Each structure stands twice: as structure tokens, then as C-alpha cells.
Protein chains: 2
Amino acid sequence: MAKSNRLADEGFARFKTYLREQRLKSTAQRDAIVEIFLKGAGHVSVEELYGAVRKQNPRIGYATVYRTMKLLTECGLADERHFRNGEARYEIAEKDHHDHLICERCGKIVEFEEDRIEALQEETARRLGFELRGHKMELYGVCLDCRRRGREN
Amino acid sequence: MAKSNRLADEGFARFKTYLREQRLKSTAQRDAIVEIFLKGAGHVSVEELYGAVRKQNPRIGYATVYRTMKLLTECGLADERHFRNGEARYEIAEKDHHDHLICERCGKIVEFEEDRIEALQEETARRLGFELRGHKMELYGVCLDCRRRGREN
DNA sequence: GCGATATTGAAACTCATTTTCACTTAGTTC
DNA sequence: GAACTAAGTGAAAATGAGTTTCAATATCGC
Ligand SMILES: [Mn+2]
Ligand SMILES: [Mn+2]
Ligand SMILES: [Zn+2]
Ligand SMILES: [Zn+2]
């Protein structure tokens, strides 16, 4: 009986609507996965999601989690990201566009928006004759906590 | 009997030196792969490299190409990149740092340097308490040729 | 040349993700 | 509410990039 929050509820409703529109079926599995995803902290991997979902319903299969996250991505509720490690990570697609700063030591992910960079990316693409459609920008470094921790050792 | 160029020759010599230093062996396979890589156009995949190498020596195995590219990367002669499609692509690591602008239609890859963006990335990381170690930035769009071609159709 | 050590190619294996398929369900129709 | 049917499910097999294993082969220092 997780406490419900407005964003998760809205997302859930949107998902249900999407299913109806596409004549797809509402199932207990999909509900469980989507609910857990929407209430979670973001940047979650399929494996993590699978682990969480299994606690509620241990019979759900890996393939269903993959299929459901694909659905969520298609309907615009989730964004799929790929950082430096192969597996996909998903976040709720509510927010404005943002990029990521990732700690190479502890894996912490910090989000940021920097309009001046976005503007320069536009300018750069135009200068080279391109019509810009999207970009991928990840900054990698060491966070304050990890630098402190390093010093103490 | 490919025409030799200075950069490729220098790279080749550096590779040979590296092998000697590490007490690794010089083999015909390594020579063939490295030579073809160094003379190539850059942003090459293992598959493409393998195809080219096979024309010279059809008995070379995939694993050897992978192993050799790993060696080249370790010794600082090649840079491994990962664009939007899974497989690794390699380029000669001679040049200054640069980022990439990629056409979503034809796959063309254009390199660019933009110090103003680099500076803002530094600034952003610092503002968030990080010591910046690296970044990944790729711009995706449609190139001039493809836009023209699109109009004609 | 000898011998220790590294390298090779083929095939087996990983890891994340997708596909297949027999079976079970949800949503509709009477 | 039973019957129908298209969609969904889980398990297992398949995929694709890349790595590892291993027996056979080649290189390098003497
Ligand atoms: Mn994010
Ligand atoms: Mn490049
Ligand atoms: Zn950290
Ligand atoms: Zn193009």
C-alpha cells in the first residue's frame, strides 16, 4: 500500500488511456511495473525494476518488464537513457530536457540544464550545415562526497 | 602496395615500439590490422576493419581484430567511440579533443571543436561540486546534402 | 636451433535485449 | 454471464557485440 503521489497517479492514468486508445490490454503485470516505475527515483535499470516488481509479484517474467518499458517509452511516459555501461536506464519523461553529470566513483547521477550550452550546440550544428534534431551530453567526473572520502583514506 | 603517409608511418612505428616495450610480439596479423586502421578514414567499426583486413589475409579471425584494436586503444594510438548503434568505432588518436555531429539520415560524421562549450561544461561541473574528468557530446541532425535530397524527392 | 612465452583462430561463452511459441487472459459480443 | 478472439504472458531459445578458452602455432632472446 504505497503512498500515492500526484505525478505517479497522473502518469498511471495517462498509461491507461494510452492502452485503451491503442486497443491494448490492461494487465496486472503492466499495472505493477508501471506503478513501481512511476513511484521510483528515476534512472532505473530493467534489472532493478525487475527486482522491485518481483517483490510484489514473483511470477512476472523479465520479458514482460522489457516489453512494458518499451511501451512506456513509446507512449512518451518514460525516457530511455544509455550511460557508460551498456544497460538501459529509464526516467520519467515529465520534466524539461536536461543532461547528466555522473560520478565516476560512486555512480551518482546529477541532472542539469544549461541553456547556454544548448544554444551553442544549435549554433555549432547550423555553422556546419546541419539541422539539429537532438543531442547526447554526459559529463563525467568525481563528486564532492567522493573527493572528501578519498582524502580521508 | 598502398601509398604510405607520414601519420600512418609514425603511428606504425609507435605501435612497434609499444610492442617491444611491453614484451609483446610483432605478428603479421597485427601488422596488417594496424596498417589498415592507420591508413583508413577513421570512425571505423570492427566489422568494417575485419572486412578490409580479410582482403589482405583471409585467415585472420574476428577475435584478433578485437584484440588488436584493444591494444591500439591501450597504447593511445586509437580512440574508441560509441555512437547511437551499439558497436564500437575507432579513430586515430592523434588529434586534439573533438566532438561529433552525426547525420541521422546518411550517417555522415562531422568533427568539431567548440571551446565555448568545453568551458561551460567545466563551469557546470564545478557549480555542481564535481571535478570534471571527461564528457561525451554528440549532436544529431540532418546534413545539408540530405535536406537537399529530401526536397528533390 | 631451442625453449619459454605470447599469439592465433575457432568455438564457446557473456550480457543485455528480443523473439518465439504454447498457453492464459482481457475486453468485447451475444 | 458464456463464448469468442485478439492480445499478453513466461520460459526458453535466439540475437549481436564483444570476450574468453584452448590446443596449435609463431616469435624472440639466447
Ligand atoms: Mn535524468
Ligand atoms: Mn572523430
Ligand atoms: Zn561520487
Ligand atoms: Zn546526411
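Residue numbers start from 1 in every chain, and the chains themselves are labelled A, B, ... in the order their sequence lines are given, proteins ahead of strands. In this text, all values refer to a predicted model and were calculated from it rather than measured experimentally.
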Ignoring backbone atoms, establish whether [X] has a side-chain N or O less than 4.0 Å from OP1 or OP2 of [N].
| X | N | value |
| --- | --- | --- |
| A:Q29 | D:dG10 | yes |
| A:Y66 | C:dT17 | yes |
| B:R30 | C:dT7 | yes |
| B:T27 | C:dT8 | yes |

(message) I want to verify a distance call: between C:dA10, C:dA26, C:dA16, whose nearest atom is closest to the B:R54 side chain?
(response) C:dA10
(message) Taking the minimum atom-to-atom distance to the side chain of A:K25, which one of C:dT25, D:dT9, C:dA16 wins?
(response) C:dT25
To the nearest Å, give me how far apart [atom1] ([X]) and [atom2] ([N]) are.
| X | N | atom1 | atom2 | answer |
| --- | --- | --- | --- | --- |
| A:I33 | D:dG10 | CD1 | C1' | 12 Å |
| A:K70 | C:dA16 | NZ | C1' | 13 Å |
| A:R20 | D:dA7 | CZ | P | 17 Å |
| B:F15 | C:dT7 | CZ | C1' | 12 Å |
| A:L19 | C:dA26 | CG | P | 13 Å |
| B:R59 | D:dA24 | CZ | P | 16 Å |
| B:I60 | C:dG9 | CD1 | P | 6 Å |
| B:L71 | C:dT7 | CG | P | 7 Å |

(message) Just to be sure I understand the rule, does A:A88 reach a base, reach only the sugar-phosphate, or reach nothing, if contact means heavy atoms closer than 4.0 Å?
(response) sugar-phosphate
(message) For a quick check of understanding: with a heavy-atom distance under 4.0 Å over all strands, which category does B:R67 fall into, base, sugar-phosphate or nothing?
(response) base
(request) Using the closest heavy atom to pick a nucleotide of DNA chain D for each, name whichever of B:E80 or B:R23 lands nearer the 5' end. (result) B:E80
(request) On DNA chain D, check which nucleotide each of B:Y62 and A:Y62 is closest to and give me the residue with the more 5' one. (result) A:Y62
(request) Spell out, as yes or no, whether a donor-acceptor pair under 3.5 Å connects the side chain of A:R30 to the backbone of A:K25. (result) yes
(message) Between A:R105 (side chain only) and A:C143 (backbone N and O only), is there a donor and an acceptor less than 3.5 Å apart?
(response) no
(request) State whether A:E35 and A:K39 are salt-bridged, where the test is any N-O pair (Lys NZ or Arg NE/NH1/NH2 against Asp/Glu carboxylate O) under 4.0 Å. (result) yes
(request) Indicate yes or no: does A:R89 engage A:E87 in a salt bridge with an N to O separation below 4.0 Å. (result) yes
(message) Can you classify the ring geometry of B:F37 versus B:Y90 as parallel (below 30°), tilted (30 to 60°) or perpendicular (above 60°)?
(response) perpendicular
